[in-house]
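Below is one structure; the comments refer to it alone.
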Amino acid sequence: MPIEWNSDTREFHVRNDRVSYILRVLENGWLGHAYFGSALTGDRSYAQLVPGEFYGFSNRLGDPVPLEYPSGGSGDYRIPALAIELSDGSGVLDLRYRNHRVVPGKPAIAGLPSTYVEVGGEAETLEIVLADAIAQIEVHLRYTIYRDRPVVVRGARVVNVGKVPAILRFAMSASLDLPDSDWQLLALSGDWARERHVHRQDLRPGRQSVSSGRGSSSHQHNPFVALVRPATTEGSGEAIGLSLVYSGNFLAEAEVEPFGTARLRVGINPDGFSWVLEPGAEFATPEAVLAFSASGLGDLSDAYHRLFRERLARGSWRDKARPIVLNNWEATYFDFDEPKLLAIAAAAREMGIELFVLDDGWFGRRNDDSSSLGDWQVNAAKLPGGLDSLARKVEAMGLRFGLWIEPEMVSRRSELFAQHPEWAVGIPSRPRTEGRNQYVLDMSRPEVVDHLLEVLSTILGSAPISYVKWDMNRTITEPFSPTLPAWRQGEFMHRYILGVYSLYDRLTRAFPGILFESCAGGGGRFDPGMLAFAPQAWTSDDTDAIERLKIQWGTSMAYPLSSMAAHVSAVPNHQVGRVTPLATRAAVAFFGVFGYELDPTALSAEESAEIAGQVAFYKQWRDLFQRGRFVRLSSPFGGERDEAAWMSVADDARSAIVAHYRILSRPNPGPRRLRLRGLDPAAMYRLSIWPAPEEDEGAVANPVVLGGDLLMAAGLVLESGRESARQGDFRARLYVLEAV
Ligand code: DGJ
């Protein structure tokens with residue numbers, strides 16, 4: 001995993017056995033970008049990949065010059081990585097290489113979540129200092145390479161080394177110049193209840209971007225994009241991933257310039273952002289994780305899954321088996337009391353569920369969503385014995401107890417708002433916009449964060465609480481803090497998220513045994529920044545099995561199974577009204593952190609027995625469902641077959657579970673084989689089917705023991721098409737493979 005510096009050719013080669021990242025210092029001292037892709041041999045020069053000279057945009061021949069951290073105003077008209085306003089009002093920088101150093105491991109970024117190392121020799125970091133002598137501005141670029149991951153983690157620090165303030169207009173976390181634009185931009189976009197659908201479009205001349213300006217990473221777009229070749233599939237072809245470890249406003253943007261080269265940048269959204277850099281001050285960007293795969297999207301995703309699960313998530317729950325949850329939200333909404341909750345918990349326990357989560361409505365006078373956020377004292381009318389009594393009774397049944405909170409919010413009708421109206425985000429001269437009858441607390445104010453730490457610590461310490469679901473149910477409007485001077489208001493959105501991180505950090509440290517799950521009206525803040533504190537997230541408020549196929553497929557592009565909370569809910573589904581079989585709902589929710597979101601006291605005896613069977617099955621295969629290698633096989637997005645399929649394989653390939661979902665039934669379908677991936681070609685696998693087929697369901701055409709080579713090259717024969725078609729819509733079948 002060496003980081004090489006060739007002082008003759010002035011090249012850096014950051015590499016491991018899987019990827020290379022090559023930079024070159026140009027003749028004028030600017031930093032050029034030579035290459036990011038499959039590993040290239042070390043100790044060689046690749047100087048020809050980036051022209052040595054730079055005359056504005058181009059070299060002497062007129063070719064565009066790939067640059068590493070470009071700023072505008074001196075000939076490069078492509079999208080810049082950095083923009084600054086100097087004290088004279090000018091905005092041009094001339095950043096030249098000054099020095100560099102290589103440090104073992106990976107330094108943390110103050111105030112921001114980041115990937116980390118745990119053992120010596122696991123990673124190395126290159127820090128390159130660029131400086132503008134006139135502006136007295138330095139940029140410190142950072143590149144971390146792990147020994148055995150196909151990723152490079154980048155970030156930048158902008159330092160004012162002068163004697164007068166400067167205003168940072170924006171500073172991207174990474175910018176990447178590519179020699180051609182024969183790529184498609186893959187992004188995860190949607191909205192509430194349909195988060196992270198996969199969109200893939202050709203790059204075209206000009207700019208294409210996804211972004212958020214809502215104060216959270218958002219339901220609408222995700223801070224992950226990939227560039228993929230048009231022919232790239234799950235199992236073959238080139239893919240470059242860019243993921244931002246950040247939970248606030250972001251921008252990911254690609255530009256194709258007239259010569260057909262492409263530039264990609266990712267970082268904090270420049271819209272509405274600025275940051276005052278006083279003399280001596282510095283600004284650190286969030287980090288960007290760049291990944292490369294020459295073997296398709298599946299391997300790209302796997303690189304992110306492993307990094308995020310092993311070296312971004314932290315705390316005692318990182319590597320532990322996650323409990324099976326019953327959450328009371330869709331069972332009761334706000335309408336509950338202690339006897340009702342205890343009846344639900346008892347029924348859940350009967351079915352083998354491990355954790356009971358009390359959702360919204362347990363505090364203040366909260367009987368609907370119009371009041372009480374901020375008043376984090378138990379509602380004595382609903383829970384006369386308090387949380388402690390309830391939690392102890394739940395624990396006595398053999399379940400753990402979890403609690404919902406929404407710390408960043410305040411209701412207009414609340415004691416907190418009456419006492420501290422100035423803590424709600426807003427512009428004093430204007431009315432505040434309400435969302436879900438609530439305002440957002442000004443998390444840029446340290447006293448607000450301190451207050452929340454104190455009240456939440458009191459609650460979490462008041463009862464045996466094992467799990468916390470941290471929700472965030474509205475976006476930010478009228479971004480402004482009266483604590484900041486006029487010329488610093490552009491800092492508000494970033495300071496907000498720094499405040500959220502500070503609270504998360506302090507609370508998770510104070511309660512190291514608690515499992516935190518992040519949530520934002522479902523999956524509105526499903527991003528790597530949150531995963532650093534909460535190793536799992538509520539994937540979406542949409543629990544319909546068919547909708548979840550798309551949501552979980554899209555989410556899995558960047559995020560591991562261990563991060564995706566997935567629950568079985570009642571039918572007709574509360575979000576789309578669809579009725580799907582109970583087995584199908586479980587077969588989708590199994591792939592992630594499993595649970596239920598329904599009233600178990602309202603089930604028939606058959607349904608309870610079926611759920612007990614599901615819970616037992618999940619427990620048997622929990623490790624595979626939470627930590628297996630996730631392989632996407634057949635996409636639910638517009639496929640001709642109206643199906644979806646995926647699988648999870650153990651790291652040693654000794655076991656795997658394949659899921660095939662038939663969305664709409666088709667008349668007279670043909671035979672269907674599903675080619676698997678990730679198995680051991682030399683192994684023989686024993687096949688069993690879940691749920692066990694009924695006798696009259698038609699035989700499954702496969703023998704009981706099958707070779708891994710056959711399953712990958714020829715495929716698994718799916719159940720007889722005509723027989724299965726008669727079963728109707730929304731059917732799922734799991735194929736369990738165990739090496740013999
Ligand atoms: C939104 C969450 O996504 C739901 O699961 C639930 O917790 C509600 N908020 C409660 O208000």
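Numbering of ligands and ligand atoms starts at 1, following listing order. Quick note: residue numbers are just sequence positions, from 1.
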Problem - Heavy atom of the protein closest to atom 6 (C) of ligand 1 (residue, atom name, distance) - result: Asp359 OD1, 3.3 Å
Problem - Shortest protein heavy-atom distance from atom 3 (O) of ligand 1, along with the residue and atom involved - result: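 Result for atom 3 (O) of ligand 1: Asp541 OD1, 2.4 Å.
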Practice task
Decide whether Ser540 and Glu195 meet the rule of one side-chain donor and one side-chain acceptor closer than 3.5 Å.
Solution key: yes
Tell me whether [X] is salt-bridged to [Y], with the criterion being a basic N under 4.0 Å from an acidic carboxylate O.
X	Y	answer
Arg548	Asp544	no
Glu408	Arg525	yes
Asp360	Arg436	yes
Arg578	Glu547	yes
Arg627	Glu310	no

Handout entry: Close approach, Glu406 and ligand 1, non-hydrogen under 4.0 angstrom
Key =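 Distance cut 4.0 Å: Glu406 fails for ligand 1.
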Practice task
Tell me, please: is Arg436 in heavy-atom contact with ligand 1, that is, under 4.0 Å?
Solution key: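 Within the 4.0 Å threshold, so yes.
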Counting from 1, what ligand 1 atoms have a heavy atom of [X] closer than 4.0 Å?
X	answer
Cys519	2 (C), 3 (O)
Asp360	10 (C), 11 (O)
Trp538	3 (O), 5 (O)
Gly521	1 (C), 3 (O)
Trp404	7 (O), 10 (C), 11 (O)

Practice task
Side-chain contact test, heavy atoms from C-beta onward, threshold under 4.5 Å: evaluate it for Phe363 versus Trp404 and give yes or no.
Solution key: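 A side-chain contact under 4.5 Å exists here.
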Exercise for the section: For the pair Leu387 and Phe401, evaluate side chain to side chain contact (heavy atoms under 4.5 Å, CB included) and give the outcome as yes or no after the intermediate values. Expected result: CA-CA 10 Å; Leu387 286 177; Phe401 180 78; 4.3 Å; yes
Practice task
With heavy atoms under 4.0 Å as the rule, classify the contact between Asn473 and ligand 1 as side chain, backbone, both or neither.
Solution key: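 Side chain only.
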Below 3.5 angstrom, do we get any N/O pair linking [X] and ligand 1?
X	result
Asp471	yes
Phe334	no
Arg366	no
Lys469	yes

Practice task
Take Phe492 and Val425 through the side chain to side chain contact (heavy atoms under 4.5 Å, CB included) test and state the conclusion after the steps.
Solution key: CA-CA 10 Å; Phe492 173 75; Val425 173; 3.6 Å; yes
